[in-house]
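For reference, the structure is listed below as structure tokens.
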Amino acid sequence: MKCKTLHKDLIFFLEKELPEKEMELVKTHLAECSNCALFAEEMKKTLGILEAERSPAVNPFFYTRLKAKIENREPEIKQVFWKPELVRVLQPVLFSVLLILGIYTGIKIGQPTPAQMISVNAADQEIISFLNEMDSEPIEGFLME
Ligand SMILES: [Zn+2]
């Protein structure tokens with residue numbers, strides 16, 4: 001069976017509306033082809049959500065919970081992001097990224113001649129003074145502004 005054929009038959013397979021022989025062919029292909037297996041998983045999830053929306057009366061608790069989950073998702077993420085603990089964890093990460101950027105810039109400039117060494121060192125100095133500035137001004141306050 002070709003992937004294209006499977007994609008066409010998949011929805012009927014998931015609804016169990018295919019002839020038995022076709023069901024077997026799809027099943028065999030899904031076992032062998034990870035791409036189609038992934039596709040089938042996604043479609044199964046989508047069908048599950050559609051099913052819940054189509055008939056909320058059948059399973060009202062699932063529907064309510066799903067809806068609450070979707071509605072709550074965004075504020076939850078924001079709350080987690082702005083937790084001071086997390087910012088404290090992110091702060092060193094940010095510094096590491098800045099340092100790596102500084103090193104990368106240094107490498108990009110090329111093989112250091114004495115003059116270039118000085119300019120690389122100057123760039124390092126800039127980063128260090130920038131980091132010191134960041135230190136004297138807590139990043140929590142900086143981000144909350
Ligand atoms: Zn396939």
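Not measured: the values here are computed from a predicted model. Just the heavy atoms: all of them, side chains too, but no hydrogens, waters or symmetry mates, feed the values below. In this chain, numbering begins with 1 at the start of the sequence shown.
Not counting sequence neighbours, the partners of Cys33 by the side chain to side chain contact (heavy atoms under 4.5 Å, CB included) test are Cys3, His29, Asn35, Cys36.
Between Glu15 and Leu47 there is a side-chain heavy-atom pair separated by less than 4.5 Å. Within the 4.5 Å cutoff, the side chain of Phe12 has no heavy atoms near those of the Val26 side chain. Residues Thr5 and Leu25 are not in side-chain contact: their nearest non-hydrogen atoms beyond the backbone lie 4.5 Å or more apart.
Separation of atoms OG1 (Thr105) and CD1 (Ile100) is listed at 11.5 Å; rounding is to 0.5 Å. Rounding to the nearest 0.5 angstrom, the gap separating the CE atom in Met23 from the OG1 atom in Thr28 is 11.0 Å.
Residues Leu38 and Leu14 are members of separate hydrophobic clusters, defined by side-chain heavy-atom contacts under 4.5 angstrom among Ile, Leu, Val, Met, Phe, Trp and Tyr.
Among pairs with a residue in residues 27-38, those fulfilling salt bridge (Lys or Arg N to Asp or Glu O under 4.0 Å) read Glu24-Lys27, at least two apart in sequence or across chains.
Across all non-hydrogen atoms, the minimal contact from Asp9 to Leu18 is O-CD1, 3.9 Å.
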Worked verdict on Lys4 versus His7 for side chain to side chain contact (heavy atoms under 4.5 Å, CB included): CA-CA 5 Å; Lys4 222 175 177 181; His7 287 193; 5.9 Å; no
Derivation of the side chain to side chain contact (heavy atoms under 4.5 Å, CB included) call for Glu22 and Phe13: CA-CA 8 Å; Glu22 299 281 304; Phe13 171 77; over 6 Å; no
